[in-house]
A.B. asks: 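My structure is below; once you've seen it, I'll send some questions.
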Amino acid sequence: MSFDSTIWGPIIGFIIFLVVFAVFSAAAFYHCWEFGYAGDRTKIMMVIYSILGLTIVVATFLIYSKI
Amino acid sequence: MVERVKKFFNRKEKEFFPGQEKGERVIFFIRRHPLSFLGFIAFSVIMIAVPLVMYFFLKGTTLLELNEFGQRLIVVIGSAYVLFILGFFLVGWIDYYLDVVIVTDSRIVDVNQDRLFARSIAEANLADVEDVNAEVKGILNTLFHFGTVYVQTAGTATNFEFKYIPHPYKIAKMIADLHQKAVEEAEMREAVEIGETIAEKENEFNGADIPGDKEKQPKPEDIQYRKGVGIMREKREERERKKEKKLEERKKQYQEGTGWPEMETKKRTDKDSLLKKKQEENSFGKKETENEDKNKGDVGHDDLQKGGEVDL
């Protein structure tokens with residue numbers, strides 16, 4: 001099994017980006033969690049953001065696999 | 001499972017805002033007007049729209065006829081781009097949403113979130129407030145009723161400039177009213193303390209066994225209490241005289257053409273120094289009974305916890 005850089009190259013780059021993105025998102029979530037106020041919408045925003053983010057990532061992998 | 005979800009969204013176990021003192025009642029808290037966030041939303045939409053428009057124009061050309069590698073690269077870059085905008089939007093939203101002004105029954109707290117990892121909290125006692133001004137400037141501000149509220153405080157205390165505040169005139173009036181109330185309450189407390197001290201001294205002089213003798217403590221109808229009130233009245237009059245003198249000076253400056261003196265630059269303190277300051281204040285010994293009295297009037301706190309903002 002040989003390493004095909006045309007297949008693995010973009011996806012490895014994307015995974016590295018995802019790691020950075022996850023760290024960044026964790027920092028943003030920390031702010032929402034720690035500095036949010038009682039009864040505010042920070043948690044709702046966290047849920048919406050997570051759903052949107054995961055949808056984009058899953059869709060990317062699905063589209064990528066079909067090419 | 002349902003309980004867990006409820007617990008996740010329920011913050012009632014926490015204090016209303018970080019650094020809130022026990023028994024401190026939140027009168028109102030305000031965020032910037034949503035229109036102040038409009039520019040950010042527009043920018044995000046444009047960022048999303050630009051590649052779509054480009055795709056629309058390039059669709060008919062040979063530029064989009066890519067091989068497999070090119071297609072994969074486009075998918076990955078496009079996805080990363082959308083995720084980047086999503087993160088960018090979240091940071092902008094945090095910047096907007098966590099920027100608040102909280103007015104409690106004793107102080108004004110200005111929390112300023114500047115993107116991630118940059119947060120400052122400034123506060124001032126309501127009794128230290130000197131001037132409160134509101135300004136509405138511009139078409140959008142006038143149509144949607146938002147503007148700037150300036151709060152100038154006495155001495156070295158922090159001055160505030162709250163931008164994009166909804167209903168600035170109402171807010172300014174509320175702060176001025178709360179300041180008046182805080183001053184009156186402080187005077188009352190001081191009057192009682194002076195009255196108590198006078199009573200102690202007089203009773204010591206008369207050989208009575210005091211302090212601790214509750215029956216001999218001053219009441220509003222007592223002469224010692226009235227003495228305390230009298231002293232406080234003199235102090236208040238002196239303060240009023242000083243205020244008038246200061247106003248006269250400012251009018252004079254204005255007439256001479258030097259204009260109104262500008263507000264001092266806003267000084268912010270970090271959370272640690274604020275906590276330190278609070279601890280120092282507490283070390284002087286606030287009476288617990290005062291806190292209990294405050295709790296009795298805690299009407300709007302639950303409502304605030306539910307709704308977040310006061311409907312003005």
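Just so we're on the same page: letters track the sequence lines, and every chain starts at 1. Hydrogens, waters and symmetry mates play no part in the numbers below; they use all other heavy atoms, side chains included.
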A.B. asks: Once rounded to the nearest 0.5 Å, what's the spacing between atom CZ of B:Arg119 and atom CZ of A:Phe35?
C.D. replies: 5.0 Å
A.B. asks: Do you know which two heavy atoms are closest between A:Gly36 and B:Leu98, and how far apart they sit?
C.D. replies: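 Where A:Gly36 meets B:Leu98 most closely, the heavy atoms are CA-CD2, 4.1 Å.
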A.B. asks: Please classify the contact of A:Phe17 with chain B as side chain, backbone, both or neither, using a heavy-atom distance under 4.5 Å.
C.D. replies: side chain
A.B. asks: Which bit of B:Ile77 is near chain A, if near means a heavy-atom gap under 4.5 Å: side chain, backbone, both or neither?
C.D. replies: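 Neither part.
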A.B. asks: Could you measure the distance from the OH atom of A:Tyr64 to the CG atom of B:Leu73? Nearest 0.5 Å is fine.
C.D. replies: 8.0 Å
A.B. asks: Checking heavy atoms, do the side chain of B:Ile94, its backbone, both or neither come under 4.5 Å from chain A?
C.D. replies: side chain
A.B. asks: Please classify the contact between A:Ile48 and chain B as side chain, backbone, both or neither, with a heavy-atom cut-off of under 4.5 Å.
C.D. replies: neither
A.B. asks: Ignoring hydrogens and angles, tell me if any N or O in the side chain of B:Tyr97 forms a donor-acceptor pair with the backbone of A:Arg41 under 3.5 Å.
C.D. replies: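 Yes.
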A.B. asks: Side chain, backbone, both or neither: which part of B:Val76 has an atom under 4.5 Å from a heavy atom of chain A?
C.D. replies: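 When you check distances to chain A, atoms from both the backbone and side chain of B:Val76 fall under 4.5 Å.
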A.B. asks: For B:Phe89, which atoms come within 4.5 Å of any heavy atom of chain A: side chain, backbone, both, or neither?
C.D. replies: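 Just its side chain gets close to chain A.
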A.B. asks: Could you measure the distance from the CZ atom of A:Phe24 to the CG atom of B:Leu83? Nearest 0.5 Å is fine.
C.D. replies: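 Here the rounded value is 11.0 Å.
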A.B. asks: Based on non-hydrogen pairs under 4.5 Å, which of B:Asn67, B:Val82, B:Val75, B:Leu116 is most in contact with chain A?
C.D. replies: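 Sorted descending by pairs with chain A, the first entry is B:Leu116.
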A.B. asks: Side chain, backbone, both or neither: which part of A:Phe14 has an atom under 4.5 Å from a heavy atom of chain B?
C.D. replies: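 Contact with chain B involves both backbone and side-chain atoms of A:Phe14.
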